[in-house]
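This structure is a prediction, so every number in the text was calculated from the model and none was measured. Below, chain A is the first sequence line, B the second, and so on; all start at residue 1.
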There are 2 protein chains.
Amino acid sequence: MIDVARHAGVSRTTASYVLTGAGRVSTATRERVQASIETLGYVYNEGAASLRRKGRTIGVIVPNIDRPFFGEVLSGVESTFTASGYMALMVSTRDRLDQQARLLRMLREHQVAALAIIPATGSNHDLVSSIRSWDVPTVFLSRYVLGATEPYVGSDEVLGGYLAADHLVRAHRCRSITYLGGPKLGVARIDRLTGVHRALAESGSEVNLVDLTCESTVEAGIRAGHELAGSGLPDGIICHNDTVALGVARALFDAGHAGATRIIGYDDIATAQASIPSLTSVATNGRLLGETAASALLAVISGAEPAVRSHLAEPQLIVRESCGDHA
Amino acid sequence: MIDVARHAGVSRTTASYVLTGAGRVSTATRERVQASIETLGYVYNEGAASLRRKGRTIGVIVPNIDRPFFGEVLSGVESTFTASGYMALMVSTRDRLDQQARLLRMLREHQVAALAIIPATGSNHDLVSSIRSWDVPTVFLSRYVLGATEPYVGSDEVLGGYLAADHLVRAHRCRSITYLGGPKLGVARIDRLTGVHRALAESGSEVNLVDLTCESTVEAGIRAGHELAGSGLPDGIICHNDTVALGVARALFDAGHAGATRIIGYDDIATAQASIPSLTSVATNGRLLGETAASALLAVISGAEPAVRSHLAEPQLIVRESCGDHA
DNA sequence: TTGTAAGCGTTATCAG
DNA sequence: CTGATAACGCTTACAA
């Protein structure tokens, strides 16, 4: 930069001013500096700058970068950040607490200016206090941690569970429902189940609810489907996400039970509409969630400290064929 | 760090040595320093360190962070990097050249130590020379740029096209084949088509090949499927990726042409096996691709300059039901 | 094994 | 609007 200044015949200060847009510089000199930058092929050193002022990189922690829903969230986060000149340092915990702790430390050493995190399953107050002691603007995304007071951007899981169960019970008169998938102790899972219970209670009818856990993969969905087929099918199945829903549907088809029960997925990933039968799903718009969280974070960074509040998006039930409503 | 040194009763140099593992420090003092670090709650400042030595963040550019295949690649890249103490600055170009240029510049300003890039469609020598003038270790990933000499990690697209077409022609005696999807000028697309042509030539039989373009979304696949249904179905369809394949399959089903033609997808994403009918697909193992590229980059960074070479993985045809082979 | 001191490229302050 | 000058937190010869 000192070269640029010299080449343009100005002081380092002035050069810095035109680079950052701060301070008042005459249009004439500004253009002269710009020209020097161009001919010298100078490129701004963000790293060096970060040594003085606040950096422009933001940490993003997700459980699994390659799961469709998280991919959507990430794309929203990333585009919002880069649109404002920030860059996202994204890492994936594989939903493991030890990895999460390690990555958190790495991000801290990298001086990220803020943190957006989808906490790994089982995250507790240790995570929160670790972040607090660090004192970095943070937003929890898509999953919250009990007892945390930092802003949270997610969707209303209770409502999601309610919508799914309500549809099965009211529109299809299901008398037995299975909730399938998700980590046993995940907050999303627990909330959705309370939504389910609420819907059942409201319906007034006697409904038998079974609660099953499984990994969030197609394979796990397939296995679960076969077990279900063997042990007697419920009237309806609410899956923790679309991926396992598709696996279940496939397994039931293979077991000769195609269309024998209603299946509802969660997240409404892109391919849900294409599956045969098309998948009824609770849509949560991950991309929007990501954008919202990123915007909130940017706002905090820009000094609007107290303005940030939590945000709960309303999920929407997209009714398709897999729950028995044939288009 | 100066505080740590003081607290431990050593010089900054020594403190630095134990932090980085460089230099020789007696076990006694090392432990003393570690203790001070602990009690003082000191955290290493990677940004400051990068001002002197090479940084430990690596730029990763992809066209679309939320497309399943790229998600797989990214997860491979990310886990390999973080396992070695590097962090990935990931950005998504939305497959647009202007975005790509902008993001490239941002990454440069952030002093990334290396670059892994899936170039946006239409990238040409401008991209290459821009990267060269920058002089940063680079690996092209999954898509190459004509005339680039930097290492490339991808899969053998010609072979992939060949496998798909060969199966349709030899196993199913298809006499008319449509290649559907992908950006018109994408290198992957062109290569796969030469593979297709090769298979047709080898078969010796007269085959009518139609070449159609579409966006890589479910919706585009559905539209294309309806058009195909309207204008007469070919004996077999090779889709540019699984997402459009699923869309096509759905559209044909809706148009009353279920099972009327053979469909082959590409990438073998997780849900391909669960679809009904299950999707025959050319598997490319994106995760492994990502890991390979990341390892190559790490090797270059570690000084093994000349050792890096291109790597072409062999895709594999996973035969399932959508091409007429019922399990 | 430890200490000294010179950078790395930027920003910020403050007096011209 | 410009010029010095002091940080920012760390690495790394070189010397002791």
Side-chain angles (χ1 to χ4, degrees), chain A residues 1-34 36-37 40-57 85-87 105-113 134 136 301 303, chain B residues 1-34 36-37 40-57 85 87 105-113 134-136 301 303:
Chain A
M1 196 178 92
I2 194 171
D3 293 340
V4 170
R6 194 149 39 209
H7 184 274
V10 301
S11 69
R12 296 214 284 292
T13 310
T14 310
S16 176
Y17 280 167
V18 6
L19 251 346
T20 60
R24 290 158 297 284
V25 183
S26 73
T27 321
T29 53
R30 152 163 292 116
E31 282 171 354
R32 201 144 36 84
V33 175
Q34 297 281 23
S36 301
I37 288 176
L40 265 56
Y42 162 85
V43 323
Y44 186 73
N45 186 329
E46 170 71 25
S50 299
L51 213 48
R52 284 300 274 165
R53 54 150 174 79
K54 208 153 208 27
R56 308 204 155 173
T57 131
Y86 284 79
M87 306 219 72
R105 175 175 193 80
M106 286 183 75
L107 287 175
R108 189 169 179 183
E109 295 182 343
H110 279 260
Q111 269 69 46
V112 296
W134 176 6
V136 64
I301 291 177
Chain B
M1 195 177 94
I2 195 169
D3 292 340
V4 171
R6 195 151 38 214
H7 184 275
V10 301
S11 70
R12 298 212 284 293
T13 310
T14 311
S16 175
Y17 281 168
V18 7
L19 251 345
T20 61
R24 291 156 298 283
V25 183
S26 73
T27 320
T29 54
R30 152 163 292 119
E31 280 170 355
R32 198 144 37 84
V33 175
Q34 298 281 22
S36 302
I37 289 177
L40 265 56
Y42 163 84
V43 322
Y44 186 73
N45 185 328
E46 171 70 25
S50 300
L51 215 47
R52 284 298 273 166
R53 54 149 174 78
K54 208 152 208 24
R56 306 201 160 187
T57 131
M87 306 219 73
R105 174 174 195 80
M106 288 183 75
L107 287 175
R108 190 171 179 180
E109 295 182 342
H110 278 260
Q111 269 70 45
V112 296
W134 176 6
D135 188 34
V136 65
I301 291 176

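Remark: C1' of C:dT11 and CD1 of A:I2 are 14 Å apart, rounded to the nearest angstrom. To the nearest angstrom, P of D:dG9 lies 14 Å from CZ of A:R108. Between the CD atom of B:E109 and the P atom of C:dT10 there is a distance of 10 Å, given to the nearest Å.
For B:R53, the listed nucleotide lying nearest its side chain is D:dT11; candidates were C:dG3, D:dT11, C:dT11. Here D:dC10 is the nucleotide among C:dG9, D:dC10, D:dT11 with the atom lying nearest to any side-chain atom of B:A48.
Residue B:M87 holds its CE atom at 5.5 Å from NE2 of A:H110, rounded to the nearest 0.5 Å.
For C:dT10, the OP1/OP2 oxygens have no side-chain nitrogen or oxygen of A:S16 closer than 4.0 Å. Side-chain N/O atoms of B:S11 include one lying less than 4.0 angstrom from OP1 or OP2 on C:dG3. Taking side-chain N and O atoms only, B:Y17 has no distance below 4.0 Å to OP1 or OP2 of C:dG3. Contact check, B:Y44 against D:dT11: a side-chain N or O comes under 4.0 Å of OP1 or OP2.
A donor and an acceptor atom sit less than 3.5 Å apart, one in the side chain of B:R52 and one in the base of D:dT11. At a cut-off of 3.5 angstrom, counting only N and O atoms as typed in the model, there is a donor on one side and an acceptor on the other between the side-chain of B:T13 and the base of C:dT4.
Note on B:S50: nothing from the nucleic acid sits closer than 4.0 angstrom, heavy atoms only. Counting any heavy atom pair closer than 4.0 Å across all strands shown, B:S26 reaches sugar-phosphate atoms only and no base atom.
With respect to A:E46 and A:R53, a salt bridge is recorded, a charged nitrogen being found less than 4.0 Å from a carboxylate O.
No donor-acceptor distance shorter than 3.5 angstrom exists from the side chain of A:S16 to the backbone of A:R12, with no hydrogens or angles considered. Listed for the A:R30 side chain is no donor-acceptor partner under 3.5 Å among the backbone atoms of A:V18.
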